[in-house]
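Worksheet: the structure to be examined is printed underneath.
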Amino acid sequence: MSGYTFVVFSKKSRNLIIEAGELIGWDKVNPDILGSMLQAVASEDKRSHLGMHYTSVPNIMKVINPLFLDDLHKEFEKAKGNETKLNNLLERMRKMKFMDPACGSGNFLIITYKEFRRLEMDIFEELGKINNSTMYVPTIDLGQFYGIEIENFAVDVTRLSLYIADHQMNLELKRRYGDVLRETLPLHKVGDIRCGNALRLDWNEVLPHEKDDEVYLFGNPPYLGYSLQSKEQKEDLKYVCDSILNYRRIDYISGWFLKATYYINNSEAKYAFVTTNSINQGEQVANLWPNLLSKSQIIFAYPSFKWSNNAKNNAGVIVSIIGMGSIQEIGQKTLFYEKMYRKVNSISPYLAEGDNTVVVKKNKSISNLPRITNGSRPVDNGNLILNYEELIQLRNQIPNVDSIVKKMVGSREFLHNENRYALWMDENDYLKFGKYSQIKERVEKVREFRLKNGKSARSVAEVPWAFFLRKEYNNNIDIYNNSNSKEMLNILVPRVSSGTRLYMPVGIFNENTLISDSAMVIYNAPFWLVGILSSTMHMAWLRAIGGKLKSDFRYSAVLVYNTFPVPELSTRRKNEIEELIGNILDIREEEGGTLAELYGSPLAAKNPKPMNPRLLEAHKELDKVVDRAYKSTDFKDDNERLALLLNMYSEMVNKKG
DNA sequence: TATCCGACAATGT
DNA sequence: ACATTGTCGGATA
């Protein structure tokens with residue numbers, strides 16, 4: 001292993017690479033392994049981890065198969081037995097060009113090169129059957145392969161790996177055809193593997209192309225959420241986005257999508273990337289996709305799946321694969337899933353069947369639902385929060401401490417029946433209770449913590465006895481269109497909850513409970529709204545439109561709740577819904593256990609736990625009634641629900657202007 | 001190590 | 001003033 005490392009770090013010139021190759025034996029080196037080994041070396045080198053995630057071969061195939069390989073294989077099948085067609089196909093392949101604008105150590109380029117050489121050999125074999133010749137000289141050339149990479153030495157690795165791949169294919173050719181082979185040496189020219197910042201370089205200068213050229217871009221560019229981007233990276237995005245608003249709130253990979261779309265605009269070129277799935281969820285969709293879809297369109301996609309490769313430290317990230325082509329292209333598009341695929345007329349930016357509709361944040365519900373708000377947020381480094389034991393202790397030490405303590409419920413407490421409490425004081429309370437050292441110490445720690453923090457936390461450092469953000473029942477009493485409702489209550493919606501559930505548990509609570517910012521609250525709401533929020537209709541919307549935390553649900557007021565279309569509900573239907581959601585709440589109590597237990601994890605990849613069957617039945621009953629409010633016949637699946645909701649959304653938003 | 005929520009900084013309106 | 005998101009982060013089974 002150290003021998004390989006030596007090769008890369010110390011032999012850069014062409015002659016030395018050849019020497020090294022002969023030394024270690026070209027045919028013994030697997031470029032995939034070489035690549036992944038060098039990745040490991042790279043991550044030990046602390047200069048940069050960005051763009052250095054090694055893409056597994058199956059994932060590379062998911063990119064290049066639909067992008068161009070499937071089509072070539074199909075052409076080949078059609079050309080079999082026809083010399084002219086076979087030669088035409090070869091001619092076409094020789095003209096194709098490829099660029100990975102974040103090539104790392106060149107995995108995509110290597111795999112593509114090998115696939116090309118193999119297909120070329122298959123074509124030779126077919127031609128041999130027709131004209132009995134065995135004199136075929138391969139013409140697929142390393143010069144057709146281009147790349148951009150920011151790490152100096154990764155560029156060297158890419159070049160070296162391409163040479164090795166070339167040599168391996170020459171040996172494979174020899175095995176198949178005996179004497180006929182192409183010599184590896186002297187080395188053939190590799191296309192431009194450029195060292196530089198892909199978001200700053202002009203891609204047309206690296207790989208110039210004409211309108212009708214068959215050029216394909218692919219790769220796995222780096223992902224980085226906006227809050228983790230460096231100043232330079234933000235500047236990169238600003239440079240690429242130009243006049244586009246909100247460049248500050250998109251993932252770093254968006255820069256590659258934008259540049260690639262500009263590159264293929266008005267040409268036959270296409271591109272496909274492995275990407276973080278967060279660019280197709282939540283607020284990023286509205287920030288990024290209208291700009292892409294005005295100049296290009298999605299031609300295929302693999303919606304969210306878990307990233308994996310054979311490296312030790314698998315990145316914990318959910319990815320998608322998206323293929324893009326020119327806006328003029330007609331014909332069906334393909335949505336790939338784990339074990340099947342679906343042909344559709346168009347793919348929406350949420351990576352489901354649908355048009356280009358993008359859901360934009362709204363400050364008020366488009367369906368006139370009562371206002372939803374985040375819970376209260378401490379920013380206290382845990383110092384204002386008490387567990388049960390700490391509360392008991394304080395009760396023993398401080399008289400009347402309960403007057404400054406509230407029961408606090410967030411997502412975890414709600415889903416797992418846990419108990420937590422918070423110190424909830426105003427200035428007068430602190431004047432009274434600050435004389436107790438137990439309280440004073442906690443409050444001082446809050447002050448210190450906030451002072452060390454960023455601007456917004458510092459601004460409340462001098463009121464350390466209070467939560468950073470206080471939300472109270474009294475502040476939220478509004479008059480809404482709830483005159484038909486029998487009952488008014490407060491609804492709790494967990495802000496983060498497992499994506500392995502069929503339904504996101506929603507609950508009700510009394511006004512003395514403090515809701516923490518890990519949950520959301522609708523104060524003073526009609527009971528039927530609990531039913532609407534618990535329905536599969538709403539889940540379909542949440543799944544598609546909401547942001548995610550890894551693969552879990554992340555509820556958002558402005559993006560999910562305020563944009564959710566609800567049709568006019570008759571009093572009779574509201575009553576029906578209230579009866580059925582009442583039934584669900586009863587069953588939860590009767591069956592016992594926590595909500596996490598009751599709802600299980602039926603969609604988990606490993607060890608799925610079933611949902612309580614009685615509860616599931618009750619939810620299905622509710623779904624029937626809610627579904628009817630939207631459509632008079634049954635829905636085939638969630639895709640159909642989403643399509644209807646998006647249509648409704650567009651109509652409602654347009655009508656409001 | 002797969003699962004499942006938590007909390008804070010940066011950023012926007 | 002207040003909401004949103006993370007090649008996030010930590011706890012737990």
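The chains referred to below are lettered A, B, ... by the order of the sequence lines, with proteins before strands, and numbering in each begins at 1.
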Closest to the A/Asp380 side chain, choosing from B/dC4, B/dC8, B/dT11: B/dC8
side-chain hydrogen bond (donor to acceptor under 3.5 Å, both in side chains) involving A/Asn277 - partner list, sequence neighbours excluded: A/Ser304
Lys NZ or Arg CZ of A/Lys62 over A/Phe305 ring: under 6.0 Å, within 45°: yes
Set of side-chain hydrogen bond (donor to acceptor under 3.5 Å, both in side chains) partners for A/Glu427, sequence neighbours left out: none
Residue list, side-chain hydrogen bond (donor to acceptor under 3.5 Å, both in side chains) with A/Ser516, at least two apart or on another chain: A/Ser518
Residue whose closest nucleotide on DNA chain B lies nearer the 5' end, A/Phe449 versus A/Thr500: A/Thr500
Involving DNA chain B, stems made of at least three consecutive Watson-Crick or G-U pairs, both distances under 3.5 Å: B:1-6 with C:8-13, B:8-13 with C:1-6
Sugar-phosphate only, base, or nothing, as touched by A/Lys362 at under 4.0 Å among non-hydrogen atoms: nothing
Listed partners of A/Lys361 passing salt bridge (Lys or Arg N to Asp or Glu O under 4.0 Å), at least two apart: A/Glu283
Parallel, tilted or perpendicular: rings of A/His538 and A/Tyr555 (30°, 60°): tilted
A/Glu418 CD - B/dC5 P separation (whole Å): 10 Å
Sugar-phosphate only, base, or nothing, as touched by A/Arg458 at under 4.0 Å among non-hydrogen atoms: nothing
Separation of B/dC4 P from A/Lys606 NZ (nearest whole Å): 13 Å
Set of side-chain contact (heavy atoms from CB on, under 4.5 Å) partners for A/Ser278, sequence neighbours left out: A/Asp251, A/Thr276, A/Gln284
A/Arg200 NZ/CZ over A/Tyr239 ring centroid, <6.0 Å and within 45° of normal: yes
Under the salt bridge (Lys or Arg N to Asp or Glu O under 4.0 Å) test, residues paired with A/Arg458 that sit two or more places apart: none
Touch class at under 4.0 angstrom, heavy-atom based, for A/Asp251 against every strand present: sugar-phosphate
Those residues that, when tested against A/Arg447, pass salt bridge (Lys or Arg N to Asp or Glu O under 4.0 Å) (two or more places apart): A/Glu444, A/Glu462
Under-4.0 Å side-chain N/O to phosphate OP1/OP2 contact, A/Ser411 with B/dC4: no
Sugar-phosphate, base or nothing in reach of A/Thr276, heavy atoms under 4.0 Å: nothing
Non-neighbouring partners of A/Asp638 that pass salt bridge (Lys or Arg N to Asp or Glu O under 4.0 Å), sequence neighbours left out: A/Arg543, A/Arg641
Sugar-phosphate, base or nothing in reach of A/Ser601, heavy atoms under 4.0 Å: sugar-phosphate
Sugar-phosphate only, base, or nothing, as touched by A/Asn381 at under 4.0 Å among non-hydrogen atoms: sugar-phosphate
Nearest-Å distance for atom pair OH/C1', residues A/Tyr599 and B/dC4: 17 Å
Sugar-phosphate, base or nothing in reach of A/Val496, heavy atoms under 4.0 Å: base
Nearest-Å distance for atom pair CZ/P, residues A/Phe467 and B/dC8: 10 Å
Distance in angstrom units between A/Leu384 CG and B/dC8 P, rounded: 10 Å
Between P of B/dA2 and NZ of A/Lys609, the distance in whole Å: 14 Å
Using atom names, set out every protein N or O paired with an N or O of nucleotides 3-5 of chain C below 3.5 Å, distance rounded to 0.1 Å.
residue : atom : partner  : partner atom : Å
C/dA3   : OP2  : A/Lys471 : NZ           : 2.5
C/dT4   : OP1  : A/Ser556 : OG           : 3.1
C/dT4   : OP1  : A/Ala557 : N            : 3.0
C/dT4   : OP1  : A/Val558 : N            : 2.6
C/dT4   : O2   : A/Tyr226 : OH           : 3.3
C/dT4   : O2   : A/Arg249 : NH2          : 3.1
C/dT4   : O4   : A/Arg377 : NH1          : 3.3
C/dT5   : OP1  : A/Glu283 : N            : 2.9
C/dT5   : O2   : A/Tyr226 : OH           : 3.1

Short N/O separations, protein against nucleotides 9-13 of chain C, under 3.5 angstrom:
none

Sugar-phosphate, base or nothing in reach of A/Arg450, heavy atoms under 4.0 Å: nothing
Flag if over 12 foreign heavy atoms under 6.0 Å of NZ, A/Lys445: no
Whole-Å gap separating C1' (B/dC5) and CG (A/Leu492): 13 Å
Whole-Å gap separating P (B/dC4) and CG (A/Leu595): 14 Å
side-chain hydrogen bond (donor to acceptor under 3.5 Å, both in side chains) partners of A/Lys407, counting only residues at least two apart: A/Asn419
